[in-house]
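Have a look at the structure below, then the notes.
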Amino acid sequence: MGKTIAQKIFESHLVEKPFEDTYVLKLDRVFCHEITTPIAITDLVERNKDRVFDCSKIKAVIDHVTPAKDSKTATQEKILRDWACRNNIKDFFDIGANGVCHAIFPEKGFVRPGFTVIMGDSHTCTHGAFGAFAAGVGTTDLEVGILKGVCSFKEPKSIKFTLNGELKPGVYAKDVILFLISKIGVNGATNCVVEFTGPVVDKFGMEERMTICNMAVEAGATSGICFPDEKTVDYLWEFIKDDYPSKEAAVEDYKKWRSDDDAEYVKTYEFDLSNLEPLATINYKPDQVKPVRELAGTKVNQVYIGSCTNGRISDLRIAAEVLKGKHIAPGVRGIVSPATPKIYKMALQEGIIDIFMDAGFCVTNPTCGACLGMSNGVLAEGEVCASTTNRNFNGRMGKGGMVHLMSPASAAATAIAGTITNSPIYK
């Protein structure tokens, strides 16, 4: 019987199996941010274990509330900042150099095919786009990872999605992942690794693959994963060029991080996405989805474009295409947050920031703040937001607020109309 990519990664990183279905894995990366890591740091200090397994494999960033909005968040940031300094963590991204974790860490080349990655953040599954096993963990596992460089997981069971056809203009990776979540439900992939394969995924660039892997957790998955290929190598080449004589050699080497044709899955799904249309969530679960056209006329108070799901340069380009020469509707607040300083700078150089500002958007620094209702775009009770983020839970962006998840194109068109609507890119 063949093996899945998850099984191959687990076997190559196995330290021990204390129980039949439990794997203790060696970690290639431990990612940290200022919301969940200070709890682990404080506990390690109290236990006289204020040290790290390998300062070169730990990467840290302040991204959720940046700059600090009050004394509490300033304290959290100080704990992370001081810890990084004490432990000689060179890859620490402080205010001014910081970006959204699941955008800046890939941008820096920190994730490679076949890697194991953990972070105290549920959307760590984003990094599976590179052919890595990447999972969000709790405080105890994060502590052990920081201290010992290992983490325990149950035996990996995999679900395979084969995505066929060709997407229509105006239909994007966000629409694809919303469709898939709606088909299997928020518990449909619980405790499983989800593989995204097929012609649609092959055609996606790395930023689009990160979008679909990012939301695998919204179906309950431990990790989402795509097989590495030429596009993976192109994205990483700046960081791996000294390891290989050519891009072709890197592609050939990375083929070992693909599932075998006769690998076993707990479930397989196959969809033709040729007729998929733009989608948006309703209510308070990401599997509650309808076509954007069925929500036409729904009034919004705010439109948010950004996050680890859709704050990359390709997302901003798409939104700017819709917004160019237009202005957001009266009574609508438009907020855009480029996910990293590099993306912000690119958007400036390309004139994208001008387009957003001319359209009436507020442009913020890179931050996760609005996505989880902590800063830079919190909703008031009864307000409605069209958002490119990843969660529409009750109160997610503000107590009593409603969030409709959608693509950057749909969000930009909605900002102009003042009500939920399809973008003109979709024909």
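- When all heavy atoms of Phe92 and Ile89 are compared, the closest pair comes out as CB-O, 3.8 Å.
- Lys59 contributes a side-chain N or O that, together with a main-chain N or O of Ser56, makes up a donor-acceptor pair within less than 3.5 Å.
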Checking side chain to side chain contact (heavy atoms under 4.5 Å, CB included) for the pair Ser337/Tyr304: CA distance, chi angles, key distance, verdict?
CA-CA 8 Å; Ser337 179; Tyr304 183 80; 3.3 Å; yes
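- To the nearest 0.5 Å, atoms OG1 (Thr389) and CD1 (Ile305) are separated by 11.0 Å.
- How far CD of Glu218 is from CZ of Phe393: 5.0 Å, rounded to the nearest 0.5 Å.
- Each salt bridge (Lys or Arg N to Asp or Glu O under 4.0 Å) pair with one or both residues in residues 109-133, not counting sequence neighbours, would appear here, but there are none.
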Taking it one step at a time, do Ser410 and Ser423 satisfy side chain to side chain donor-acceptor pair (under 3.5 Å)?
CA-CA 5 Å; Ser410 298; Ser423 81; 5.6 Å; no
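- Glu270 and Lys160 are not joined by a salt bridge, as no carboxylate oxygen comes within less than 4.0 angstrom of a charged side-chain nitrogen.
- Enclosure of atom NZ in Lys183 is not indicated, since only 12 or fewer non-hydrogen atoms of other residues, nucleotides or ligands lie within 6.0 angstrom.
- Listed for the Asp287 side chain is a donor-acceptor partner under 3.5 Å among the backbone atoms of Val186.
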Would you check, one step at a time, whether the test side chain to side chain donor-acceptor pair (under 3.5 Å) holds for Lys285 with Asn283?
CA-CA 6 Å; Lys285 294 201 305 180; Asn283 301 327; over 6 Å; no
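- At distances below 3.5 Å, not a single donor-acceptor pair connects side-chain atoms of Asp260 with backbone N or O atoms of Asp262.
- Remark: side-chain polar atoms of His404 are paired, donor with acceptor, to backbone N or O of Thr281 under 3.5 angstrom.
- Counting non-hydrogen atoms of other residues, nucleotides and ligands closer than 6.0 Å to CG of Asp54 gives a total above 12.
- Using the six-membered ring where Trp is involved, Phe105 and Phe110 have ring planes that are tilted, between 30° and 60° apart.
- A donor-acceptor pair is defined here as one N or O able to donate and one able to accept, closer than 3.5 Å; such a pair exists between the side chain of Arg258 and the backbone of Pro228.
- When all heavy atoms of Cys213 and Cys125 are compared, the pair lying nearest together is O-SG, 3.2 Å.
- To the nearest 0.5 Å, the span separating CD1 on Ile146 from CD1 on Ile118 amounts to 7.5 Å.
- For the salt bridge (charged side-chain N to carboxylate O under 4.0 Å, His left out) with Lys203, the lone residue among Glu208, Glu166, Glu230 that qualifies is Glu166.
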Worked verdict on Thr66 versus Ile95 for side chain to side chain contact (heavy atoms under 4.5 Å, CB included):
CA-CA 7 Å; Thr66 169; Ile95 309 300; 3.1 Å; yes
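- Ring-centre distance between Phe204 and Phe196: not below the 6.0 Å cut-off.
- With hydrogens and angles left out, the side-chain atoms of Ser274 and Asp272 include a donor and acceptor closer than 3.5 Å.
- Aromatic ring centres of Tyr254 and Phe227 lie farther apart than the 6.0 Å criterion allows.
- Counting heavy atoms of neighbouring residues, nucleotides and ligands inside a 6.0 Å radius, atom NZ of Lys69 exceeds 12 of them.
- Checked against a 6.0 Å centroid threshold, the rings of Phe179 and Phe271 count as neighbours.
- By the 6.0 Å contact criterion, CZ on Phe239 is enclosed, its count of non-hydrogen atoms from other residues, nucleotides or ligands being greater than 12.
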Would Lys3 and Glu264 satisfy salt bridge (charged side-chain N to carboxylate O under 4.0 Å, His left out), going step by step from the backbone distance to the final call?
CA-CA 7 Å; Lys3 297 173 183 176; Glu264 192 172 274; over 6 Å; no
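- The ring pair (Phe, Tyr, Trp, His ring centres under 6.0 Å) with Tyr23 is formed by just one residue from the set Phe153, Phe10, Phe133; it is Phe10.
- Between Thr73 atom OG1 and Ile35 atom CD1 the span is 8.0 Å, to the nearest 0.5 Å.
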Could you walk me through whether Ser387 and Arg396 pass side chain to side chain donor-acceptor pair (under 3.5 Å), step by step?
CA-CA 11 Å; Ser387 180; Arg396 171 70 176 181; over 6 Å; no
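- Of the possible polar contacts, none joining the Lys326 side chain to the Ala359 backbone as a donor-acceptor pair under 3.5 Å is found.
- The distance from the CE atom of Met206 to the OG1 atom of Thr232 is 4.5 Å, given to the nearest 0.5 Å.
- With Thr42 contributing its side chain and Pro38 its backbone, the two residues share a donor-acceptor pair below 3.5 Å.
- Asp21 has a carboxylate O that lies under 4.0 Å from a charged side-chain N of Lys154, or vice versa, which qualifies the two as a salt bridge.
- Under the 4.5 Å side-chain criterion, counting only non-hydrogen atoms from C-beta, Val266 is in contact with Ile159.
- For the residue pair Glu195 / Ser259, a side-chain donor-acceptor distance below 3.5 Å is found, with atom types taken as modelled.
- Pairs of residues two or more places apart, or lying in two chains, that qualify as salt bridge (Lys or Arg N to Asp or Glu O under 4.0 Å) and include a residue from residues 304-319 are Arg317-Glu350.
- Among pairs with a residue in residues 130-150, none fulfils side-chain hydrogen bond (donor to acceptor under 3.5 Å, both in side chains), at least two apart in sequence or across chains.
- Contact between Leu236 and Val111 at its shortest, heavy atoms only, is CD2-O, 3.5 Å.
- Salt bridge annotation for Asp202-Arg209: absent, with no cationic side-chain nitrogen under 4.0 angstrom from a carboxylate oxygen.
- With respect to Lys324 and Asp358, no salt bridge is recorded, no charged nitrogen being found less than 4.0 Å from a carboxylate O.
- With salt bridges taken as basic N to acidic carboxylate O contacts below 4.0 Å, none links Asp28 and Lys57.
- Ion pairing of Arg86 with Asp82 is absent here, as no side-chain N (NZ or NE/NH1/NH2) approaches a carboxylate O to less than 4.0 Å.
- Note on Lys255 versus Glu252: salt bridge recorded, some NZ/NE/NH1/NH2 to OD/OE distance being below 4.0 Å.
- Summarising the geometry, atom NZ belonging to Lys78 is positioned 13.5 Å from atom CD belonging to Gln76; distances are rounded to the nearest 0.5 Å.
- Within the 3.5 Å criterion, the main-chain N or O of Ile9 finds a donor-acceptor partner in the side chain of Ser12.
- Under a cut-off of 6.0 angstrom, the local environment of NZ in Lys108 is sparse, with at most 12 non-hydrogen atoms contributed by other residues, nucleotides or ligands.
- Around atom NZ of Lys247, more than 12 heavy atoms belonging to other residues, nucleotides or ligands sit under 6.0 Å away.
- Taking both residues in full, the closest heavy atoms of Leu142 and Gly120 are given as CD1-N, 4.1 Å, listed atom of the first, atom of the second, then distance.
- For the side chain to side chain contact (heavy atoms under 4.5 Å, CB included) with Asn214, the qualifying choice from Thr124, Ile177, Thr126 is Thr126, the only one to do so.
- Under a 3.5 Å cut-off, the side chain of Thr36 and the backbone N or O of Cys32 do not form any donor-acceptor pair.
- A salt bridge links Glu277 to Arg293: one of the charged nitrogens lies within less than 4.0 Å of a carboxylate oxygen.
- Taking the six-membered ring wherever Trp is involved, the centroid distance between the rings of Phe31 and His127 falls below 6.0 Å.
- Between the side chain of Thr388 and the backbone N or O of Gly306, at least one donor-acceptor pair lies under 3.5 Å.
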